[in-house]
Each structure stands twice: as C-alpha cells, then as structure tokens.
Number of protein chains: 2
Amino acid sequence: MKRQQAQGTEKETRSRLIEAGLKLFGLHGFEATSTRALAQAAGVNLSAIPYHFGGKEGLYRAMLEHIVRVKLTEIGPGMLCVMATCGNPKAGREELLEAMRQLVRTMVSVMLGSPESRSFSQIMMQEQIAPTAAFGLFHDGFFAKVHGVWTALMGRLLGVPDSLELRLRALAVMGQMVIFRVGMTGILRVVGGDKLTDEHLETITRLCIQQVEAIVAGCASALPEGPAQPAQTEAGI
Amino acid sequence: MKRQQAQGTEKETRSRLIEAGLKLFGLHGFEATSTRALAQAAGVNLSAIPYHFGGKEGLYRAMLEHIVRVKLTEIGPGMLCVMATCGNPKAGREELLEAMRQLVRTMVSVMLGSPESRSFSQIMMQEQIAPTAAFGLFHDGFFAKVHGVWTALMGRLLGVPDSLELRLRALAVMGQMVIFRVGMTGILRVVGGDKLTDEHLETITRLCIQQVEAIVAGCASALPEGPAQPAQTEAGI
DNA sequence: GTCTATAGTCGGATAGAC
DNA sequence: GTCTATCCGACTATAGAC
C-alpha cells in the first residue's frame, strides 16, 4: 500500500488540489486551512503542494485564478450581450428592460443555482472580509466587470450619464440579488430546508426583476426628465 | 518586570478579552485566531482565557453574546417604533413610509457609520460562511428580528399578508443596504479612499429610500389591488 | 514526480507557584 | 486571579530515497 489512493499520476494532481482548495479555502479561509487537509481532500501527497505551487499561498492564488476564469466564462457572453445593447443608441426601452431581465436571471442562476457556486461565493466573501494579496485578481477580473455592466444598464434605463451616484445605485440594485448568496445560511432558516429549491429561485428571480423595473420606473421620473443620453462605463469584458 | 502591562487587575480582564476577540475573530475567523494573539491584544496573560471563559470557544461565544446585546440596544428602540406603526391599523401610508425611511437611516448608520460596526459585520459574515455552534445566537437575536420588521413593514406598504414571497421580497429590499457592508472592500475601490465619507452615506441613504419607495409604489400596483389588510410576523423585539 | 521522514515553529490547554 | 513553565499535538516546508 505505497500509494494512498488511485491517482491520475499526471498533472491531474494540480487540478485535484485546486478543486480541494476551492472547497476548503472557501469553508475555512486561507489561514485556517491546513496543507494536510488540502492534500488529504485532494488524495495527493502533502509534498505535492510545495512542489506544484511553491507553497500554500501559490495554491491559493492558482485556485483564485481558476475560479475567476471559470465564472467569467459562465457570465461573459451574457454580459457582452448586455453591454452591446447598452452601447447601441438605437436600443429601445423594452430592449433594455429585456437585457436587464436576462442579467438578473444570469446572476441568480450563477450565484444561487449551481452547487459549486457556494465555494466561489465563500471565497469572494473571505476576500471582502480580509483581502489577501490576490484580492485585485478577483476584483478586477470579476466584480468590477459585473458592476460596470449594471452601471451602464441602469444609466441607460434611467437616462443619466455615468456618475458616482449611478454607480452606488447600481450597487444597491445588485444587492437585491447578492444578499441571497451572502446571507444564505440565515435565509435557509427563514425558508426552511437545507438548500434553495428551484421554486425559490424562480420566485427570487421574479421578485428581483419586478423590483428593478419598479426602480427604473420610479427613480427615472424623479429626475429632470429626459431618457436619452447613453452612459458609458469602463467595463471591458 | 513581572506584569507585562498596566492591568485593571479586576474582571476588566474579561471585557478586554472580549474587545480583542471582537477585533481578531472578525478579521481572521474563529479557527485562524490564536489564543496567544488574543491575550497579547488584550494585554492579559494567556491563561486568563481558559480561566475566565473555559477556553477559546467560550470567549468566542461570550463575545458574540456581547455584540448582539450591544447592537440590539442600538437598533431596538427604532425597531419597536416601526413595529408599533405596522401594528397600528389606523397608520396611514405616509406614516408607514416615514417609518420605512427611518429604518433605512438606522440600518445605514448602524451598518456603515460607526467604526466598530466593521468587526460586528465581519463576524456576522464569518458566521454566514461557516456557521459555528453559536450561529443561532446571532440569527435569532438579531437577523430574524430585523428581517421580521422589514417583512411587516413591506406587508403593510404593499397591502399583502405575510407569506414566503413577502419575506423574500423583504430580503431583497434589505440587500440594497447590506451590500454596502458586505462588499465594502470592493466598493472602496469603486469610490476611492479607505472609508466611506459622510457624503457617501447620505447619498446611499437617499438612494435606498428612493428605491424602496419606488418598489412599494411599483410592486403594489402589480397586485390584485387592495392596500388594506395588515401583515403580522413573529418578530418579537 | 511522488513518496517518507524530519526539522523547526506554533497551536491550545494545564499544573502549580505565588 | 495572575503568572511561568511545560506538555503534546498540528502546522508548513524541506531533504533525500526511489
């Protein structure tokens, strides 16, 4: 019994460690996750971590790069589509609203739907609480892009140019969806059960869409009036 | 040099440790915080932790009980006032809206205003990511109460009885404020600076109030029509 | 490239002096 | 009630066999 587990014996070792890191770093944070636990969860030898990644920190960074890449692949096309609509001066109100609805569906689905989204969100939250050296990787690679799309979309829907206020408004709007991820543990106590059902997700999607529609309707009318000029942001997907 | 620091030499030791726990547990989480770091930050001897609290876990629990009590004192009166308005069948629309505005102001102020709110939020987030045995303490003592108030208020404003959908809607509404706390690190990169200024807080408060008003206006009209029957929730402050 | 063995450090808890 | 000294287990990383 020399080898502890059946192993791919190739550099599958790397991906197994990244997978284990995704789970354990998310659950316990960077410091509280031991290399022993990582190696055991991945079914590889302890020494594989310094060998392949130069150490625990290298594994963490590789894991972060991995998930940012994966998540961006999931949402990238949808965001490009929305940005295209926002950048098109001829896009009508209904077209913009439909782009917004699609964006809400994507966010709810990506954040709450897939089971692996849990680990991703946990790591994002860990980074928000106590940012590591790799925080910029997540922020520039993911958060800023999503926020940029929402800012552009809200700008068009409200008919206002880019501004700090618009960006804060976009954040508040995103918050309606994000809270279901960051407050998941408490929310499960409210709705009962140990995971959100598909029915819950549909209700949440419907409510969020309805509320964002109400916001763009109610807040645009509070402005000088003029749903015209497009807002440009720097989000380069 | 027997004594390392000037010490209160009484059971001030307990409160010094709780203060240190609030800071360090919030920053690094339970597991990643060492008793040595706690003792040093509090300026007390390492053995004081097992002596006064039975161990690291006891200190964590005592710290959690402490902050839940403190935060509830901060927001309790305001919540009672809102609940009274919600429970009053004669309360008019404008009265309910004013209660909502006050609730938004309180939440923004308590979550984002005071400097010590940072540690509190960090610990709440840690518990959401990886709940400890003490999670119920925070959930029942704090989160459920705030959520209950928002649910009751939204029920009255929308004129619908309590339901799962209403509770989810209340969560989404709360998310507009909560995101500025949980996403603070990323948001500071958006607005620049290392803390939110008073001006930012005012803008955020104003935007949130305006958006909640838009939501209750826009979403009530999408219902069978009938802004009458009050919604009761279980929130017993 | 994968393993064992081990170095060197730090973790929480306790015993017992005062 | 506060201190020092200490136990013993767990930690990351490395050296070197294969």
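Sequence lines set the chain letters: A, B, ... in the order given, protein chains first and strands last, and positions in each chain run from 1.
Two residues, Ala37(A) and Ser47(A), neighbour DNA chain D, and the one matched to the more 5' nucleotide by heavy-atom proximity is Ala37(A). Residues Leu46(A) and Lys56(B) both approach DNA chain C. Their nearest nucleotides, taken by heavy-atom distance, put Leu46(A) toward the 5′ side.
At the heavy-atom level, Ile49(B) lies nowhere under 4.0 Å from the strands shown.
Nucleotide dT2(D) holds its C1' atom 13 Å from the CZ atom of Arg16(B), rounded to whole Å. With rounding to whole Å, Tyr51(B) atom OH is found 17 Å from dT4(D) atom C1'. When rounded to the nearest whole Å, the span between NE2 of His52(A) and P of dC3(C) equals 9 Å. Residue Tyr60(A) contributes atom OH, which lies 16 Å from atom P of dA13(D) at whole-angstrom precision. Between the CG atom of Leu38(B) and the P atom of dG12(C) there is a distance of 8 Å, rounded to whole Å. Across the protein-nucleic acid pair, Leu24(B) atom CG and dG12(C) atom C1' stand 16 Å apart, rounded to whole Å. Across the protein-nucleic acid pair, Asn45(A) atom CG and dG16(D) atom P stand 17 Å apart, rounded to whole Å. Between His28(B) atom NE2 and dG11(C) atom C1' there is a gap of 15 Å when expressed in whole angstrom units.
Checking the phosphate oxygens (OP1, OP2) of dA10(D), no side-chain nitrogen or oxygen of Ser34(A) falls inside 4.0 Å. Contact between the side-chain N/O atoms of Thr35(B) and the OP1/OP2 oxygens of dG11(C) is not found at any separation under 4.0 Å.
Side-chain polar atoms of Thr151(B) and Arg169(B) form no donor-acceptor pair below 3.5 angstrom. Between the side chains of Thr205(B) and Arg105(B), no donor-acceptor pair is found at a separation under 3.5 Å. Inspection of the Thr185(A) and Glu127(B) side chains reveals no N or O donor paired with an N or O acceptor under 3.5 Å.
From Cys208(A), atom SG reaches atom CD1 of Ile179(A) across 10.0 Å, with rounding to the nearest 0.5 Å.
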